[in-house]
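Written below as structure tokens is the structure these notes are about.
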4 protein chains.
Amino acid sequence: MFISWSTNLLMPRPKNTDERREQIIDGLLKVMSSKGYEGATVHDIARAAKLSPGLVHYHFGNKREVLEGLMERLLDGHFAALDAAMAQAGNAALARLDAFIDQHLATGATANPHTLSAWVVLGAEAVTSKVVRARYAEGLAGLQERLVAVIADGQRRGELKGPPPDEAAAGILAAIEGFYVVAATARPLIPRGSAAATLRAMARGMLEPKRRS
Amino acid sequence: MFISWSTNLLMPRPKNTDERREQIIDGLLKVMSSKGYEGATVHDIARAAKLSPGLVHYHFGNKREVLEGLMERLLDGHFAALDAAMAQAGNAALARLDAFIDQHLATGATANPHTLSAWVVLGAEAVTSKVVRARYAEGLAGLQERLVAVIADGQRRGELKGPPPDEAAAGILAAIEGFYVVAATARPLIPRGSAAATLRAMARGMLEPKRRS
Amino acid sequence: MFISWSTNLLMPRPKNTDERREQIIDGLLKVMSSKGYEGATVHDIARAAKLSPGLVHYHFGNKREVLEGLMERLLDGHFAALDAAMAQAGNAALARLDAFIDQHLATGATANPHTLSAWVVLGAEAVTSKVVRARYAEGLAGLQERLVAVIADGQRRGELKGPPPDEAAAGILAAIEGFYVVAATARPLIPRGSAAATLRAMARGMLEPKRRS
Amino acid sequence: MFISWSTNLLMPRPKNTDERREQIIDGLLKVMSSKGYEGATVHDIARAAKLSPGLVHYHFGNKREVLEGLMERLLDGHFAALDAAMAQAGNAALARLDAFIDQHLATGATANPHTLSAWVVLGAEAVTSKVVRARYAEGLAGLQERLVAVIADGQRRGELKGPPPDEAAAGILAAIEGFYVVAATARPLIPRGSAAATLRAMARGMLEPKRRS
DNA sequence: GATGAATGAGGCTTCATTCAT
DNA sequence: TATGAATGAAGCCTCATTCAT
């Protein structure tokens, strides 16, 4: 793999830009979860990435682009995992809904505390910055879209009832985002391990046809 | 303008500290909703408050104290309004729950977009800053406490069923906070005016005893 | 003068922006003549002005604005002195021409070596920067205009002959600017004190009606 | 591309240093005319030369040496062309003078706008940098020397009159340099194509014996 | 010779905070 | 109390230069 180029004495150092960019984004992720975006200096980021400070600006035009790169990565990774999980869940609306909720609150997203904090910080940055907001909103829209599909499908097939799909989806989405905020700022308020189950209960209660007694 | 009292050198300058502090806090509120906390310079704050920059540090030890003052004011105002609304709601658990939800998502909090954005920004600041986090968590805890009281009461009296009160409360709280985040960053995802109704449906679905058919 | 305000205890520190701006511009003038514009750091400028570095950006938006302020001052001062000198010279075209030349090469401009060097540096900066070039060209145009007026007038009245006024003016202007460059870079090439006399000879030779023998 | 020789590991890489140096100097020439010397980054230079940045420091010790190389080339080229032109002009003082002026203002130097701007920038750099100033002054001295020779010769032979040769030469030299400055910063002030003729008129006026009527 | 990644010093600029009036 | 000038630390970014390949 790197033998291939080293045999040719003329071929200069191979490009490793992508790798470095990932390292730097990782650095920001780590620092941002404890210091926020503004609080994360370029030196901090470089140190966390075990790189020299100048290199950050060699691979990114400016600090903000690192943030955008981070968003990209978080979203890409998240959607990949999400779609995989939902594909495994089968066709039943409730199962798919559970998979969606679990993917957000049980399995993956909450696992890495860096990611959790970073996402909350990103939300605030989205309030402030047009570019970040656009991408952030796009991410939320992607989630919303998947939820709407599941709910609309379930309602069409009679598996689900309740409010219009977009309203129900917004509620579920909000609860997920809200759990992130609370988890990142006041974790003890969420009884350990209860988030996914609680949201499943809320979603079911809103969408499940009433069982007779 | 200030000649009026100064002509009498014996008459002490009337104190207006509280008023000024409020002005300054207001200034931060306005600026923060569009620039975030770090992005709000003391000059910005002063300008928004129609005061001179030096005054900010005359009335506050430093910029962070203004933020803390803002939190205090948001929380105080919010709890006052909330408790008043719930007092009006009577004793029935569902009615109190509805009042709680409406107070957060229908009536007040979402009305002022400055407040909405500021609250989301504050959440991110809470991730970063110990002091802010403490007060922010305290605020969330106050809400959680009221929700738990309502739910536990309702369950004891048989008006409600469902998961343990603290878990249910956490879910409702999360949904509220999440609606704030979504409203501040991707408003179109929430069908206009649907937030409160949707959360009421989710809460009822989780907590209301099943009606037989 | 500053008693007036100090009697009123309410009147805060009087504005001194203009004075400070002049100080800073002076600082740049001094430093620029030995280090050029890029080479003059903001610290250098502040030190030369005996001010703190931060103050430079309190009174100017950025370093370039100081340069523009400097241009403004050099040009304003120069035109004021020039117009005064020419007014004193009377109406005869040759006398006015001599006054023009002397003002540039004998009396004033060459006196302060800071100004001389700075003007040459500014010329190069004009090559590079649109804003500087615009103002620099405007300054040259002002000189050219005055020269053209003198020459055209003299030719109309028969006191002068020679090429079209704008061409003759351009030649004289060029010679002046060129003397500045040579003086700032290779002074020994100009026999001491000869510049004005030489240019007068050149101008006369070009414009004076031939004397018969 | 470079495989051709590398296949034979024994064949040494053919040297192309001189060519590369010229390329790099050319790069600086191009960039400097629009960005100045400090403003021309090594990357800019390399890009303009269609080379990689690292190569610049392989062929030059540092950026300043490229500037010195550029001066050398400009001067060498200029003197070669100048001496050729003057050799063609014959022996008459006025003819040689005209050739000198034309070579600077009509034929060559003003043709390439890169060269023109670069020369003005170099003049400013000469104000600042000892090394550049030395070489720049040397260049001017070379011109002055040739002018003095022509004028002194002409005066000795009665073809010319006027001020001492060194003073007259300084005036002509200044006018040339000044035309460069004006051309590079405020070209419209020079009626198209008039520079050489105007300076010839000035020089003649100063040096030509008066013709009787 | 060639490439382009890597380094780190240093510059411009911002801004919280202090201070003279 | 009030003003706005003043300070200086610190951050982002640029860029000449070096280095691994």
Side-chain angles (χ1 to χ4, degrees), chain A residues 2 5-6 8-17 20 38-46 51-64, chain B residues 1-2 5-6 12-17 20 38-46 51-64, chain C residues 2 5-6 8-17 20 38-44 46 51-64, chain D residues 2 5-6 12-17 20 38-46 51-64:
Chain A
F2 40 68
W5 61 261
S6 71
N8 182 344
L9 291 174
L10 293 175
M11 189 180 274
R13 177 188 292 189
K15 298 203 176 189
N16 59 350
T17 311
R20 285 285 173 274
E38 311 277 348
T41 74
V42 171
H43 268 73
D44 288 339
I45 298 171
L51 295 173
S52 75
L55 208 52
V56 173
H57 285 90
Y58 183 79
H59 290 290
F60 289 89
N62 54 44
K63 189 181 156 189
R64 191 138 283 261
Chain B
M1 210 171 182
F2 34 59
W5 62 262
S6 73
R13 183 187 297 245
K15 296 208 174 181
N16 57 355
T17 309
R20 286 283 174 274
E38 310 278 347
T41 73
V42 171
H43 270 71
D44 288 339
I45 297 170
L51 294 173
S52 71
L55 259 194
V56 172
H57 282 84
Y58 183 81
H59 290 290
F60 289 89
N62 55 45
K63 190 182 158 189
R64 193 140 280 264
Chain C
F2 39 67
W5 61 261
S6 71
N8 184 341
L9 291 175
L10 293 175
M11 189 180 271
R13 178 186 294 189
K15 298 202 177 188
N16 59 350
T17 313
R20 284 285 174 275
E38 311 277 348
T41 73
V42 172
H43 268 71
D44 288 339
L51 295 173
S52 74
L55 208 51
V56 173
H57 285 89
Y58 184 80
H59 290 289
F60 289 90
N62 53 46
K63 189 181 157 189
R64 191 139 279 261
Chain D
F2 31 61
W5 62 262
S6 74
R13 184 188 296 245
K15 295 209 174 183
N16 57 355
T17 310
R20 287 284 175 272
E38 310 278 347
T41 73
V42 171
H43 270 71
D44 287 339
I45 297 170
L51 294 174
S52 71
L55 257 194
V56 174
H57 282 84
Y58 183 82
H59 289 290
F60 289 89
N62 54 45
K63 189 182 159 189
R64 192 139 282 263

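Computed from a predicted model, the values in this text were never measured in an experiment. Labels below follow one simple rule: chain letters A, B, ... track the order of the sequence lines, proteins then strands, and each chain is numbered from 1.
- The NZ atom of K63(D) sits 8 Å away from the P atom of dC15(F) (whole-angstrom rounding).
- Note: CD (E38(B)) to P (dC15(E)) measures 11 Å, nearest angstrom.
- Shown here for A46(A) and V56(A), the closest heavy-atom pair between the two residues is CB-CG2, 4.0 Å.
- Along DNA chain F, the nucleotide closest to N62(A) and the one closest to P53(C) are compared, and the more 5′ of them pairs with P53(C).
- Distance NE2 (H57(A)) to P (dC13(F)): 4 Å, rounded to an integer number of Å.
- Considering only side-chain N and O atoms, R20(B) lies under 4.0 angstrom from the phosphate OP1 or OP2 of dA2(F).
- Side chain of K63(A) to main chain of H57(A): no donor-acceptor pair is present (N/O by atom type, distance under 3.5 Å, no hydrogens or angles).
- Distance CZ (F60(C)) to C1' (dA6(F)): 16 Å, rounded to an integer number of Å.
- Distance CG (L55(D)) to P (dT3(E)): 5 Å, rounded to an integer number of Å.
- L55(A) and L51(A) get closest at one heavy-atom pair: CD2-CD2, 3.9 Å.
- Map H43(B) and S52(A) each onto its nearest nucleotide of DNA chain E; the residue landing nearer the 5' end is S52(A).
- The nearest whole Å value for the distance from the CZ atom in R64(B) to the C1' atom in dA16(E) is 12 Å.
- Atoms OH (Y58(A)) and C1' (dG8(E)) sit 16 Å apart, rounded to a whole Å.
- Checking dA20(F) for Watson-Crick or G-U wobble geometry (two distances, each under 3.5 Å) identifies dT3(E) as its partner.
- In this structure, of dC15(E), dC12(E), dC12(F), it is dC12(F) that holds the atom nearest to the side chain of T41(A).
- Between N16(C) and dA5(F), a side-chain N or O to OP1/OP2 separation shorter than 4.0 Å is absent.
- Using a 4.0 Å heavy-atom cutoff across all strands shown, A40(A) reaches sugar-phosphate atoms only and no base atom.
- Where T17(A) and G54(A) each meet DNA chain E at their nearest nucleotide, the meeting point lying more 5' is that of T17(A).
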